[in-house]
Amino acid sequence: MNLAETILCWQGNWLDAPVRCIESDNYDERPDYSEPEAVIIHAISLPPTAYGGDYVEALFTNRLDSSGHPYFKDIESLKVSAHFYIRRSGLLTQFVAVDKRAWHAGVSECLGRDCVNDFSIGIELEGCDHESFTLAQYDNLALLVRTFRSRWPWLGPDRLFGHSDIAPGRKTDPGPYFDWQRLLASIPC
């Protein structure tokens, strides 16, 4: 299959297989302007710099056992989510329907407005600021963006932002090792 031409199928506001769907309770309704206007790219690993466990999934579904690692005590009260999560293997998981407001951006500003969760889709990449991301992650991130553009054509390259772009000084992800040129080269203009 040529990933450069692939588009995923929608079932309402959820993506169909091969995307795993695990609903998070950490969302609410979008305001009146429910169409997404931006895509925000994040990086997360739990515990920091550790990959492969189910801790991110547990965090997004309020099942994180705070005794599993000392770091988890600092985040045990967080109620956060993202619409999508891409593991280093490329595995795609959707946690929140795209017509709902996932809790991923926090205090933020984008496109001249604050409350970025209101009008964005949040994608978390399994990773951290000081390591490169995998080819499988870039491939599936590009696949998601192409799929979004098939539904919302205005979500072009000028509507893709890092968490650090919308919350400068507060957030640094996806970090300096995220290859924006690689992503942009694999999606249509």
Side-chain angles (χ1 to χ4, degrees), residues 13-15 18-30 36 38-110 114-141 144 160-179 183:
N13 290 297
W14 292 86
L15 285 173
V19 177
R20 294 173 56 222
C21 294
I22 302 171
E23 190 168 357
S24 171
D25 290 333
N26 300 334
Y27 72 90
D28 54 9
E29 296 297 321
R30 290 189 189 271
V39 175
I40 312 303
I41 301 168
H42 305 263
I44 188 170
S45 56
L46 291 176
T49 70
Y51 306 133
D54 291 328
Y55 296 124
V56 172
E57 182 178 303
L59 176 67
F60 289 171
T61 57
N62 303 320
R63 296 181 296 105
L64 185 64
D65 179 359
S66 62
S67 68
H69 188 274
Y71 178 76
F72 298 165
K73 293 281 186 203
D74 295 337
I75 63 172
E76 68 183 336
S77 65
L78 290 181
K79 299 288 185 199
V80 295
S81 62
H83 292 91
F84 297 92
Y85 175 51
I86 306 175
R87 289 181 177 266
R88 297 188 74 74
S89 66
L91 179 68
L92 284 165
T93 303
Q94 183 174 0
F95 289 96
V96 176
V98 293
D99 66 328
K100 304 299 183 195
R101 176 173 44 196
W103 303 340
H104 62 94
V107 177
S108 51
E109 183 178 327
C110 181
D114 59 4
C115 301
V116 175
N117 287 338
D118 290 353
F119 58 91
S120 66
I121 295 174
I123 303 172
E124 291 277 3
L125 300 175
E126 184 178 36
C128 63
D129 287 5
H130 59 275
E131 292 183 9
S132 297
F133 295 89
T134 68
L135 180 58
Q137 287 178 298
Y138 286 110
D139 287 346
N140 284 337
L141 177 57
L144 277 178
L160 304 176
F161 302 92
H163 200 185
S164 58
D165 297 322
I166 66 165
R170 188 175 71 80
K171 292 296 181 176
T172 58
D173 59 309
Y177 288 90
F178 183 78
D179 189 345
L183 173 62

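Since the structure is predicted, the reported quantities are computational estimates derived from the model, not experimental observations.
- Residues H130 and T49 bring no donor and acceptor atom of their side chains to less than 3.5 Å of each other.
- Contact annotation: the side chain of V96 never approaches that of W103 to less than 4.5 Å [non-hydrogen atoms, C-beta and beyond].
- The shortest distance between side-chain heavy atoms of N62 and K79 falls below 4.5 Å.
- Between the side chain of N13 and the backbone N or O of A97 there is no donor-acceptor pair closer than 3.5 Å.
- R88 contributes no side-chain N or O that, together with a main-chain N or O of A136, makes up a donor-acceptor pair within less than 3.5 Å.
- The closest donor-acceptor contact from the side chain of N140 to the backbone of G90 lies under 3.5 Å.
- Counting heavy atoms from C-beta on, the side chains of L144 and V39 never come closer than 4.5 Å.
- A 6.0 Å sphere centred on OH of Y27 holds no more than 12 heavy atoms belonging to other residues, nucleotides or ligands.
- Looking only at side-chain heavy atoms (C-beta outward), E126 and V56 stay at 4.5 Å or farther from each other.
- Using a 4.5 Å heavy-atom cutoff, the side chains of S67 and F72 are not in contact.
- Atom-to-atom distance recorded for D74:CG and H69:NE2 is 10.5 Å, nearest 0.5 angstrom.
- Within the 3.5 Å criterion, the main-chain N or O of G53 finds a donor-acceptor partner in the side chain of R87.
- Side-chain atoms of F60 and I22, non-hydrogen and from C-beta on, never get closer than 4.5 Å to each other.
- Counting only heavy atoms from C-beta outward, the side chains of L15 and L92 never approach each other to under 4.5 Å.
- Note that NE2 of H42 and CD1 of I86 are 11.5 Å apart. Values are rounded to the nearest 0.5 Å.
- Here the side chains of D179 and F133 are not in contact, with every heavy-atom distance at 4.5 Å or above.
- Using a 4.0 Å cut-off between charged side-chain N and carboxylate O, K100 and E23 make no salt bridge.
- Judged by distance alone, the side chain of S45 and the main-chain N or O of C128 form no donor-acceptor pair under 3.5 Å.
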Take R63 and D25 through the salt bridge (Lys or Arg N to Asp or Glu O under 4.0 Å) test and state the conclusion after the steps. CA-CA 11 Å; R63 296 181 296 105; D25 290 333; over 6 Å; no
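- Taken from CZ in F161 to SG in C110, the straight-line distance is 3.5 Å, to the nearest 0.5 Å.
- Under the 3.5 Å distance criterion, the side-chain polar atoms of H163 are matched with a main-chain donor or acceptor of A105.
- Between the side chain of S120 and the backbone N or O of G122, no donor-acceptor pair lies under 3.5 Å.
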